[in-house]
Asks: 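The structure under discussion is supplied below as structure tokens; questions concerning it will follow.
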Amino acid sequence: MRNMTASIAAILARDLDKLVQELTLFEKEEALWRTEGQITNPAGNLCLHLVGNLNTYIGGILGASGYVRDREAEFSLKNIPKEELLAQVRQTKATVTHTLDMLSDEALQQPYPQQVLGHEMTVGFFLVHLTGHLSYHLGQINYLRRLLP
């Protein structure tokens, strides 16, 4: 019954590919770092946040990759070149894919090793949460790209 793990991996890979596509569609690199009005997180920082999130909770914790997160930097760094962001997203996709390829569907029923959301949860529950988190911020990046050219 490897179907659920494979399905989650496919959704995450698909949306990370969409993130690459969204970043590529920013015609002006500086637009990745623009904010306006009540928009406080530019697309570049949202990208860094997604990379940090997935590398931490999938690569680092489930895959023992050794990744060390700097969450504050995800929101404070600015003007990272687009090509570097793209490379980070591609590396994140490789880490996520590799980690989930090694994870059985039975592992989805095990408790996630940390209480990230303030309560106990299974690995499967948290992976579903992470797919929603990626999708949410991907939508924000798409909207920012069209709103703040």
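Here, residue 1 is the first one in the sequence, and each next residue gets the next number. Keep in mind that this is a model prediction, so the values were computed, not measured.
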Asks: For E27, enumerate each residue passing the salt bridge (charged side-chain N to carboxylate O under 4.0 Å, His left out) test, keeping only those at least two apart in sequence or located in another chain.
Replies: none
Asks: Less than 4.5 Å apart, any side-chain heavy atom of V51 and any of E74?
Replies: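 Sidechains of E74 and V51: no contact.
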Asks: State whether the side chain of Y67 and the backbone N or O of L54 hold a donor-acceptor pair below 3.5 Å, judged by distance alone.
Replies: no
Asks: For a 4.5 angstrom cut-off between non-hydrogen side-chain atoms, does L108 reach T122?
Replies: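 A side-chain contact under 4.5 Å is absent here.
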Asks: Does N142 reach the side chain of K18, with side-chain heavy atoms less than 4.5 Å apart?
Replies: no
Asks: Tell me whether Y143 shares a hydrophobic cluster with L50, the cluster being built from Ile, Leu, Val, Met, Phe, Trp, Tyr side chains joined at under 4.5 Å.
Replies: yes
Asks: Check for a donor-acceptor pair, side chain of N45 on one end and backbone N or O of N41 on the other, with a separation under 3.5 Å.
Replies: no
Asks: Nearest 0.5 Å, please: how far is CD in E36 from CG in L144?
Replies: 10.5 Å
Asks: I'd like to know if the side chain of T131 reaches the main chain of V128, judged simply by a donor and an acceptor atom lying under 3.5 Å from each other, with no hydrogens or angles considered.
Replies: yes
Asks: Name the orientation class of the two ring planes belonging to F126 and H129 (parallel below 30°, tilted from 30 to 60°, perpendicular beyond 60°).
Replies: parallel
Asks: From I58 CD1 over to L12 CG, what is the distance, rounded to the nearest 0.5 angstrom?
Replies: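 Output value for this atom pair is 5.0 Å.
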Asks: With under 30° as parallel and over 60° as perpendicular, where do the rings of F75 and H49 fit, or are they tilted in between?
Replies: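 Rings of F75 and H49: tilted, 30 to 60°.
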Asks: Do L19 and T92 have side-chain heavy atoms sitting under 4.5 Å apart?
Replies: no
Asks: Would you call L62 and Y112 a side-chain contact if the rule is heavy atoms closer than 4.5 Å?
Replies: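 L62 reaches Y112 side chain to side chain.
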Asks: Got L23 and R145 here, is their nearest side-chain heavy-atom distance under 4.5 Å?
Replies: no
Asks: Would you say that V96 contacts K93 through its side chain, given a criterion of any heavy-atom pair below 4.5 Å between the two side chains?
Replies: no
Asks: Verify the cluster assignment for I61 and F125: are they in a single hydrophobic cluster under the rule of side-chain heavy atoms below 4.5 Å apart?
Replies: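 Yes; tracing contacts between hydrophobic side chains, which count when under 4.5 Å, links both residues.
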Asks: Please tell me if the side chains of C47 and V89 come closer than 4.5 Å, counting only heavy atoms from C-beta onward.
Replies: yes
